[in-house]
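Since the structure comes first, as C-alpha cells, the remarks are kept for the end.
Here is how names work: the chains are called A, B, and so on, in the same order as the sequence lines, proteins then strands, and each is numbered from 1. For the numbers below, each heavy atom of this structure counts, side chains included, while hydrogens, waters and symmetry mates do not.
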Amino acid sequence: MGYTIHYNGKDYDCGDTETVLDALLRHGESVPYSCKAGVCHSCLMQALKGQPTEASQAGLKETLKQRNFFLPCSCVPQVDMTVALAGEAELHHVSAEVIDKTPLNAHIMRVRLRPEGEFSYHAGQFVNFFRDESVVRSYSLASVPALEDFLELHVQRLPGGQLSPWIHDQLAVGDKVMLSEALGDCFYTRRDPAQPLLFIGTGSGLAPLYGIVRDALQQGHRGPIYLYHGTRSREEIYLVDELRELAAAHDNVHYQPCLSREEAAGFAHGRANEIALERHPDLKGWRAYLCGNPNMVEASKKKIFLAGAALGDIFADAFVHS
Amino acid sequence: MSQSLYEQIGGEAAVNAAVDIFYRKVLSDERINGFFEGVDMDKQAAKQKAFLTMAFGGPHNYTGKDMREGHAHLVARGLDDSHFDAVMENLAATLKELKVPDQLIAEAAAIAESTRNDVLGR
C-alpha cells in the first residue's frame, strides 16, 4: 500500500515504489520534467503537507530545502503529501529571444538566444528549455560568457522527440522562449592552470566541451588540452574546421575527431573514448570532462578513474541527452 | 591527553586522501568488483567516505540495522566472508600506502571488522 498525493485539488494514489512524479503522470497530470534523475530540477515542487524524503532534496539549495521544496522524480513518499508546482520565482525563469538558427550538419541545429535581462552562467552548464508548461528538455551551453553575448545550444534532432523536432522545424528567429537559470557543475575552474585536461564527447555532447575548452583558454589555461570528439560517420561530425583552427591557434590544444564506422583522412577510426584512453593510459593528476552518450560517459568515468585521475577531477554531465 | 584514532590518522583530510585510493583498489579487485557493476560512482564514493570515516574512528551514523539493510541485496547475490576479507585487505593496503603506522591500521581494521556479521546478514 502506498500513500496519497493531493495535487491540483485531487487525491491520487502512489504505489510503494512509485515516485510522486510517476504517480502524477500515470494519473494524467501534466507536470514539467526532463531527466527523471534528480539532476535537471525541472520538476521542482513544494510540499505543502507531508515531509519530502531526504533523497528528493539532495542537491537543492538550503533555502529551498527549508521551504520543503523537493524533486518529485526522486521522491517515493513515506507519508501522505499535498504538493504544488514551484512558482516562477523559485525556478528563476528567464525569457530569451532566438537571434540565430544555423544548421551545423543534417542533424544538429545551432540555436543562439539572447536572454532578456541578466543571465549569469559558466560555459558547460545547461539550461532547461521550455516549449510550454509541460514540455521541457535540458540543453548544454556551448557559448562562453566572456566571449559571447548570446547563449548557444546545439540541438540534435531526435525523431519523435517532444522538443527537438519543434526547435528544428517550428522555432523561428525573433521568437521568445523560456529558459531556466543555468544549472550543473560541469565547468572549468582555474585551480591549476598547468593541469592536463582531457575532453571526450560524442554527438552533440560536444556543445558543453566546446564552451569549456574555449573558457579554459580564455581564463589562461596553459596545460595541455586534449579534445576527442566522436560520431559514427563524417555526416554526423561537426565544428571540425572551427576546432582545427582553435588547435592551430593554441600550441596546447590538441583536437582529434573520431569516426567509429567510417575511415577517412584526418579522422581517427574508432570510438572517441577508446582512442583517448589508449593514447593516455596514465591520467594521474589529470582533469577530465565527459559528455554525450550516457553509456560512454559511465564507462569512461570508471576507466579514467582507474587510470589514475581523482574522482573529484572527473566532470560529467549527469543528464541524458535526449 | 591522548588523541582519538580519528585525530591520529588525520581526520577528514585523511579520509579524503584515502577514499580515491581505496575505491580504486576495490574497483580493480576482481574478487569483488562485480558487486560494483552499474553503481553510480559519485554515490558510491560518498558511501566509501562514510565507511572510511567510521573505520578511522570518526563521526558516523551507521547502525547495525543500516549495515544489514544496505548489504542485503549483495548477500542475496552471494556476498560472503571471502569478499569481506578482500575489502579488509584493500583497507589495510590503502592505509599502508598513506603511511599510516601499523598500530593505527590495526585499530581501524578492528573497527571495520566489528561490522562483519551485520554486513553479511548474520
Side-chain angles (χ1 to χ4, degrees), chain A residues 16-17 35-40 53-60 71 73-74 76 78 183-187 191 195 200 273 277 281-291 293-320, chain B residues 10-53 55-56 59-63 65-66 69-70 72-73 76 86-87 89-91 93-99:
Chain A
D16 332 333
T17 58
C35 77
K36 281 190 143 188
V39 178
C40 77
T53 59
E54 205 178 309
S56 69
Q57 294 188 302
L60 293 184
L71 299 170
C73 68
S74 308
V76 177
Q78 303 299 312
L183 297 160
D185 52 15
C186 183
F187 54 82
R191 214 171 39 213
Q195 189 175 24
I200 305 175
N273 53 323
L277 278 148
D282 181 3
L283 295 172
K284 195 167 166 42
W286 286 56
R287 203 190 307 177
Y289 293 89
L290 306 168
C291 199
N293 180 295
N295 295 329
M296 182 287 286
V297 169
E298 273 317 300
S300 303
K301 205 169 170 182
K302 191 160 160 182
K303 286 189 178 137
I304 288 168
F305 176 60
L306 291 176
L311 206 50
D313 269 331
I314 306 173
F315 296 85
D317 248 342
F319 68 91
V320 177
Chain B
E12 201 187 341
V15 173
N16 288 337
V19 73
D20 268 25
I21 299 174
F22 176 68
Y23 190 20
R24 200 173 281 124
K25 285 188 192 300
V26 166
L27 280 183
S28 310
D29 189 335
E30 296 291 342
R31 295 173 293 177
I32 48 178
N33 59 11
F35 291 108
F36 296 91
E37 283 297 328
V39 168
D40 181 283
M41 287 180 67
D42 294 309
K43 285 186 188 150
Q44 188 58 32
K47 287 182 188 163
Q48 308 277 12
K49 194 173 164 181
F51 167 70
L52 291 171
T53 303
F56 292 5
H60 69 89
N61 296 312
Y62 272 129
T63 63
K65 185 166 162 278
D66 293 336
E69 287 177 358
H73 65 294
V87 171
E89 265 177 49
N90 287 312
L91 174 66
T94 300
L95 293 171
K96 239 185 159 45
E97 202 169 315
L98 289 168
K99 308 214 183 326

Original post:
Considering only heavy atoms, which portion of A/Ala307 lies under 4.5 Å from any heavy atom of chain B: side chain, backbone, both, or neither?
Top reply: neither
**OP:** Report the distance from atom CD1 of A/Ile304 to atom CG of A/Asp313, rounding to the nearest 0.5 Å.
**Re:** 11.0 Å
Original post:
Is it true that a side-chain atom of B/Asp20 and a backbone atom of B/Asn16 form a donor plus acceptor pair closer than 3.5 Å?
Top reply: no
Original post:
Which of residues 24-32 of chain B have a heavy atom under 4.5 Å from any heavy atom of chain A?
Top reply: B/Arg24, B/Leu27, B/Ser28
Original post:
Between the side chain of A/Glu298 and the main-chain N/O of A/Met296, is any donor-acceptor distance below 3.5 Å?
Top reply: no
Original post:
For the atom pair CG (B/Asp40) and CD (B/Gln44), what is the distance rounded to the nearest 0.5 Å?
Top reply: 9.0 Å
Original post:
Parallel, tilted or perpendicular for A/Phe315 and A/Tyr289, by the 30°/60° rule?
Top reply: parallel
Subject >> Short N-O contact, B/Lys96 and B/Glu89, less than 4.0 angstrom >> reply: no
